[in-house]
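Inspection log for the structure reproduced underneath, given as C-alpha cells.
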Amino acid sequence: MAGPAEAAEYARMRALAASLVGEPAPVEYSFASFPDELYWCFRRLQAAEAWQQHGAWIISDERDLGPGVEERFGFGRTIDEKTARAEAVRRLTFRSELAALLGQDGFLVLPTVPGPAPLVKSEPQQLQAYRERALHLLCLSGLSGFPQITLPLGSVDGAPFGLSLLGPPGSDIALIRLGRRILDAARKA
C-alpha cells in the first residue's frame, strides 16, 4: 500500500465487501514463491513472450515507441530459454497452489493497484515505479490465469481506487454477480 490514505480506503472497501460475504476464514497457507519472485516471474514471462511474438517487428524498422516500451521489449530479448522454462515451472506451481487455496468457490479480496492512478503530469520514472508496484498485485491473475474483476468503489485524493476480486478457474460469472452485489451495497451506503 502506498500510504495511510490508501490503507484506510482499502480497509473501508474491504469492510463493505465483508458486510456482504463475511470476514475471511483464517487460513494458514504458504506459497513456494515470495511476492517479489512472482512479480519477476510474471515480468520475465511477459517480456519473453512479447519479444517472441513481436521482436522481429520491433527491430525491423525505426519504431517510435513510448517511454519504457522499448526498454520492456529490450528486456524480453535478454530472457534466455532456460530462464523462461524455469519461470514457466514457477507459474504452474503458483497456479496449483492458488487453486488449492481458493478451492471451488473461494476468492481473494485485494486492492486492484497500490494506490490511486498516477497523475498525467507524472514523470516517466514515477509512472514506471507505479507500474511496477501495481504489477505486484496484478501479476497474481496474470500468472494463474484465474479471473479477476475490479470494482471502482473508492477514491484517494480525488483519484479512483478499486477493490479486486480474484477467483478460481471458471468463476467469472460468480465474481461478476458478487461484484454487482458489492456495487449495489456501495451505492446504498
Side-chain angles (χ1 to χ4, degrees), residues 1-24 31 33-47 50 64-73 75-76 91 94 98 101-102 106-168 171-189:
M1 224 29 82
E6 290 83 355
E9 186 64 353
Y10 171 63
R12 185 194 66 76
M13 293 185 296
R14 188 183 159 284
L16 175 66
S19 72
L20 293 171
V21 297
E23 288 294 329
F31 289 87
S33 296
F34 291 104
D36 278 349
E37 292 171 319
L38 293 173
Y39 161 79
W40 280 108
C41 175
F42 178 80
R43 285 284 318 273
R44 288 179 184 121
L45 288 173
Q46 179 189 50
D64 187 24
L65 302 174
V69 176
E70 189 169 350
E71 292 81 2
R72 288 192 291 278
F73 271 110
F75 176 61
R91 175 175 51 193
F94 172 68
L98 187 58
L101 175 66
L102 296 175
F107 57 93
L108 296 178
V109 176
L110 62 155
T112 303
V113 291
L119 300 174
V120 172
K121 62 184 177 185
S122 298
E123 295 294 322
Q125 314 86 281
Q126 293 170 308
L127 294 172
Q128 182 61 23
Y130 181 86
R131 181 181 179 279
E132 290 185 26
R133 287 192 326 273
L135 281 177
H136 275 80
L137 294 166
L138 298 169
C139 76
L140 303 177
S141 177
L143 278 177
S144 67
F146 296 177
Q148 178 175 349
I149 64 170
T150 187
L151 306 172
L153 293 175
S155 70
V156 175
D157 297 329
F161 187 45
L163 183 77
S164 277
L165 306 174
L166 188 153
S171 66
D172 309 60
I173 300 300
L175 288 178
I176 291 169
R177 287 182 178 141
L178 177 57
R180 169 58 50 206
R181 286 181 47 214
I182 293 170
L183 287 172
D184 288 345
R187 285 189 188 103
K188 293 174 185 173

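Along the sequence shown, the residues carry numbers beginning at 1.
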Does [X] use its side chain to pair, donor to acceptor, with the backbone of [Y] at less than 3.5 Å?
X	Y	result
S171	P168	yes
S141	F146	yes
Q46	R43	no
E6	G115	no

Taking all non-hydrogen atoms of both residues, which atom of [X] and which atom of [Y] are closest, and how far apart?
X	Y	answer
A134	V113	CB-CG1, 3.8 Å
P111	L137	O-CD1, 3.6 Å
F31	L101	CZ-CD2, 3.9 Å
A186	L153	CB-CD2, 3.6 Å
L127	L119	CD2-O, 4.3 Å
A185	L20	CB-CD1, 3.6 Å

Can you tell me if CG on D172 sees more than 12 non-hydrogen neighbours from other groups inside 6.0 Å?
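Yes, enclosed.
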Quick check on R177: does its CZ atom have over 12 non-hydrogen neighbours (other residues, nucleotides or ligands) under 6.0 Å away?
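No, not enclosed.
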Which one of S144, S33, C41 satisfies the side chain to side chain contact (heavy atoms under 4.5 Å, CB included) criterion with F94?
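Filter result, single survivor: S144.
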Rounded to the nearest 0.5 Å, what's the gap from [atom1] on [X] to [atom2] on [Y]? Could you check?
X	Y	atom1	atom2	result
Q148	L108	CD	CG	9.0 Å
R180	I176	CZ	CD1	10.0 Å
L178	L151	CG	CG	8.0 Å
R12	E9	CZ	CD	4.0 Å
F107	L175	CZ	CG	8.0 Å
L165	T112	CG	OG1	8.5 Å

L166 and L98: CA distance, side-chain angles, deciding distance, side-chain contact (heavy atoms from CB on, under 4.5 Å) verdict:
CA-CA 10 Å; L166 188 153; L98 187 58; 3.9 Å; yes
Qualifying residue, where the test is side-chain hydrogen bond (donor to acceptor under 3.5 Å, both in side chains) with Y39 and the options are E132, R44, R133, H136:
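Output: one option passes, namely E132.
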Apply side-chain contact (heavy atoms from CB on, under 4.5 Å) to L45 and R91, showing your working.
CA-CA 9 Å; L45 288 173; R91 175 175 51 193; 3.7 Å; yes
Pair D184-R181, salt bridge (charged side-chain N to carboxylate O under 4.0 Å, His left out): steps then yes or no:
CA-CA 5 Å; D184 288 345; R181 286 181 47 214; over 6 Å; no
For a 4.5 angstrom cut-off between non-hydrogen side-chain atoms, does L138 reach S164?
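No, every pair of side-chain atoms sits at 4.5 Å or beyond.
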Quick one about Q128 and R72 (side-chain donor to acceptor, distance below 3.5 Å, no hydrogens or angles considered), yes or no?
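Yes, a side-chain donor-acceptor pair sits under 3.5 Å.
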